[in-house]
Amino acid sequence: MRIAYLLGFIICAGLLGFAYYAQHVMFLDPCPLCIFQRIAFFGMALFFLIGGIHNPQAWGRYVYPGLVSVFGIFGAAIAGRHIWLQSLPADQVPDCGPGLGYMLETLPLQSVLEKVLTGSGECAEVSWSFLGLSMPWWTLIWYVALTLGALVFARRASQRRIFLDG
């Protein structure tokens, strides 16, 4: 299990590293939905790392995959919303809103979350793609793969425990 958790951490760290590379080297400024997707990958990475360090045996083999899955589902939902915004016809794209930093300084957190999750014109712009898929598509693929991977490894650990105890 330890190797699986650490592999999940390395993948998440690599994905976050690419996001920062795209921002600071390729000069692709992240929209608010992109920032929320980074938070989800950070949460997944954190619990993969803690699981790798802890190497859980009993209840922990369910807790860590569960926490990874919470962040994975959150990230997949945000990525799905982002993909939907990118697929809108040009005349239906919402207007660009203020930056996330400005909203956090001037609005209550609930209003910031509502505005970010609604999306804006900057979130509908496709500024990078690979193999015909935009960045939100790739993040969605990784959220699903990492979440399913965490759940599969938890199931295997559970079955191995039953086999050893039985």
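One distance of note links NE2 of His82 with OG of Ser134; it measures 7.0 Å at 0.5 Å rounding. Summarising the geometry, atom CZ belonging to Phe18 is positioned 5.0 Å from atom CE belonging to Met26; distances are rounded to the nearest 0.5 Å. Here the straight-line distance linking atom CG of Leu33 with atom CG of Leu85 works out to 6.5 Å at 0.5 Å rounding. One finds the CZ atom of Phe41 at 12.0 Å from the CZ atom of Phe74 (value rounded to the nearest 0.5 Å). Atoms CG and OH, on Leu28 and Tyr21 in that order, are 10.0 Å from each other to the nearest 0.5 Å.
Under the 3.5 Å distance criterion, the side-chain polar atoms of Ser87 are matched with a main-chain donor or acceptor of Trp84. Side chain of Trp137 to backbone of Ile83: no donor-acceptor contact under 3.5 angstrom is found. Under the 3.5 Å distance criterion, the side-chain polar atoms of Trp138 are matched with a main-chain donor or acceptor of Leu133. Arg38 places a side-chain N or O within donor-acceptor distance of the main-chain N or O of Ala19, the cut-off being under 3.5 Å.
For Ala150 against Pro65, the heavy-atom pair with the smallest separation is O-CB, 3.6 Å. The two residues Ala45 and Cys12 make their nearest non-hydrogen contact at CB-CB, 3.5 Å. Heavy-atom minimum distance, Leu146 versus Phe48: O-CZ, 4.0 Å. Heavy-atom minimum distance, Tyr143 versus Gln37: OH-O, 2.5 Å.
Between Tyr5 and Tyr64, the angle of the ring planes goes over 60°, which puts this pair in the perpendicular group of the 30/60° scheme.
Between Met44 and Thr147 there is a side-chain heavy-atom pair separated by less than 4.5 Å. In this structure, the side chains of Leu6 and Leu49 come closer than 4.5 Å at one or more pairs of heavy atoms.
Gln86 and Arg81 share no side-chain donor-acceptor pair at under 3.5 Å.
Under a hydrophobic clustering in which Ile, Leu, Val, Met, Phe, Trp and Tyr are joined whenever their side-chain heavy atoms come within less than 4.5 Å, directly or via other members, Phe130 and Ile141 fall into the same cluster. Cluster annotation: Ile10 and Phe71 are assigned to the same hydrophobic cluster (Ile/Leu/Val/Met/Phe/Trp/Tyr, side-chain heavy-atom contacts under 4.5 Å, transitive). Following chains of ILVMFWY side-chain contacts shorter than 4.5 Å, one can reach Val68 starting from Val63, so the two form part of one hydrophobic cluster. Both Leu7 and Leu67 sit in one connected hydrophobic cluster of ILVMFWY residues. Membership requires side-chain heavy atoms under 4.5 Å apart, directly or through other members. A single hydrophobic cluster is seen to contain both Ile53 and Ile11, as judged by linkage of ILVMFWY side chains at heavy-atom distances under 4.5 Å, directly or through other members.
Taking the ring centroids of Phe9 and Phe47, they lie at or beyond the 6.0 Å cut-off.
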